[in-house]
Amino acid sequence: MADPRNGGKRNLIIVSNRLPLSVKQTDDGTYQSSISSGGLVTSLSGLTKSTTFKWFGWPGLQVDDPQDREKVSKSLAAHNAVAVFLDQKLANQHYNCFSNQILWPILHYQTVTLNESAWESYKKVNELFAESVADAASDGDLIWVHDYHLMLLPGLLRKRLEEQGKFCAIGFSLHTPFPAKDFWRALPVRKELIEGILASDQVGFHTDEYKQNFMDSCHSLLEATIEPPDKIRWKGRWIIADSFIVGIDPQKFEDTLQKPEVISRIKELEEVYKDKKVIIGVDRLDYIKGLTLKLKAYDAFLDEHKELKNKVVLIQVAVPSREDVKEYQDLETEISTMVGKIDGKHATPDGSPLVYMHRSVPFTELTALYAVADACLLTSMRDGMNLVCFEYVACQAKKHGVLVLSEFAGASSFMNGGCITFHPANTKELSDAIYRAITMRPDERESNYNQLRRFIDKNTSARWGETFIERLTKCTA
Ligand code: ADQ
């Protein structure tokens, strides 16, 4: 809803588990906040032009002293951010133990066992968020809740807002897949979680498949009425459930590619790899991204195509992620071991066909890497959407590089033949896909590229945010 007090802009409250800022204590005891990067931040960047928003979330550090909390809040206020303070143990139980060790796997088709105390912490943290957001919301605000860490929040919020006599339209966006109903029902608290989401006015998914899975669960577990294509009737209310295509801001990449330091970095990299086909992979170090499958297939590809040994290089950036969770520590060890074996087996005095970077890289370097790569290889076992593939396309206007994308990434359902798809656990299929990518004819590359480019230019992050918010606004009418 446009608010005349904000020059006609809408008031929007965005809620996500972590604030998109890093907060640090300086030597003089004050706190400084700076915006950090990440999938959700990238996606929301387009909204700022039309909307005034406040962002609620955990600031990522433990602050117990009330005076310190005040200082942190002040530094966040400069970025329109509001901290939901959590005790470290509670935050750990909510984030690592329930969200990332139970919800994340089940949403990505991995089996799990319920940890009761983690579930209690999950409920408690969602309550704390509800308290903080409901108290700050004004009648008529729009509230947009993000992701699996806060599935109970719409329900808890609606109750509090009603008690306070405020009406706010509530939207919920899930950034992961939503699994098929027979998989979701394996989770003992399956009903509570979807009941929480159903207190929203509008629920957004990346793809129609996830939306349909969610509707199927609502119908079979809660006996909600489904009115295709996009409505659910539950406890006397209508809820919109739909897919909204999350995108990127292609202009940000175009602009970065024009920077002198990026232009010279691209030249340097082109010189280093002048006789080689470069394949780029950029993934958070997460088992859903299928990195072990990628390495296994790349090893098979090198075995099969010995003639290409010194003519191809896979540059794999693996961004450290969730390092407090044991599964992620074990995965890192497994990947390092595989990288060592591939290197040992295929490297020659002239170089290695594999460059593994286990760290975050600066945005300018990331852009340069995308720009020089002849192909981008993404092998997710499951992935809500995958923004990296769009970012690669945004940087390939000159080369028309080939996108090689797992059929299990949400993005693949929108590519309509513009990329090479494969089953990530089928080593031969994946190895063949790599070969096809680096040997593709220029005319085929160009026509594929043009198709992908049209898609990313049309479905930007700004459009995603606008579309979601426009439709949510109608729920207030
Ligand atoms: P992620 O699993 O994090 O997001 P993805 O969609 O690929 O996956 O987004 C990663 C983002 O991090 C990209 O914008 C990328 O540029 C950035 N990034 C990657 N490597 C980086 C590096 N080295 N340094 C700095 N930034 C880096 C979740 C879901 C996805 C879904 C998104 C958005 O798992 O499926 O697409 O949310 O909804």
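Numbering of ligands and ligand atoms starts at 1, following listing order.
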So if I count the atoms of ligand 1 from 1 in the order they appear, which ones are less than 4.0 Å from some heavy atom of [X]?
X: L366; answer: 16 (O)
X: V319; answer: 20 (N), 21 (C), 22 (C), 23 (N)
X: H206; answer: 31 (C), 38 (O)
X: D383; answer: 30 (C), 34 (O), 35 (O)
X: W104; answer: 34 (O)
X: M385; answer: 30 (C), 31 (C), 35 (O), 36 (O)
X: K289; answer: 1 (P), 2 (O), 7 (O), 8 (O)
X: E391; answer: 13 (C), 14 (O), 15 (C), 16 (O)

Any F253 heavy atom less than 4.0 Å to ligand 1: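 Under 4.0 Å: no for F253.
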
If we only consider heavy atoms of T176, is any one of them less than 4.0 Å away from an atom in ligand 1?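 The answer is no, since T176 has no heavy atom less than 4.0 Å from ligand 1.
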
Winner among L369, V282, T367 once heavy atoms are compared against atom 19 (C) of ligand 1: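 Heavy atom nearest to atom 19 (C) of ligand 1 belongs to V282.
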
Would you mind checking if E332 and R284 are paired as a salt bridge, meaning a charged N to carboxylate O distance below 4.0 Å?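 Salt bridge absent between R284 and E332.
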
Are any of the N or O atoms of [X] closer than 3.5 Å to those of ligand 1?
X: I288; value: no
X: V361; value: yes
X: H108; value: no

Over 60° means perpendicular and under 30° means parallel, so tell me whether W119 and F98 are parallel, tilted or perpendicular.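 Plane angle between 30° and 60°, so tilted.
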
Testing Y210, F244, F214 for ring pair (Phe, Tyr, Trp, His ring centres under 6.0 Å) with F205, which one passes?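 The ring pair (Phe, Tyr, Trp, His ring centres under 6.0 Å) with F205 is passed solely by F214 among Y210, F244, F214.
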
Ring pair (Phe, Tyr, Trp, His ring centres under 6.0 Å) with Y109: which of W104, Y287, F183?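 Per the ring pair (Phe, Tyr, Trp, His ring centres under 6.0 Å) rule, the option paired with Y109 is F183, out of W104, Y287, F183.
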
Between the side chains of N11 and T52, is a donor N or O closer than 3.5 angstrom to an acceptor N or O?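 No.
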
Donor-acceptor side-chain pairing of S173 and W144 below 3.5 angstrom: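 Yes, because at least one side-chain N or O of S173 sits under 3.5 Å from a partner of the opposite role on W144.
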
Counting distance only, does the side-chain N/O of S33 pair as donor-acceptor with the main-chain N or O of L21 below 3.5 Å?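 No, the answer is negative, given that no donor and acceptor are paired below the 3.5 Å cut-off.
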
Flag, side chain of T460 to backbone of I456, donor-acceptor distance under 3.5 Å: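 No, the answer is negative, given that no donor and acceptor are paired below the 3.5 Å cut-off.
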
Do the numbers put K252 on top of the ring of F363, so that NZ or CZ is under 6.0 Å from the six-membered ring centre and no more than 45° off the axis?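 Pair K252/F363 counts as cation-pi.
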
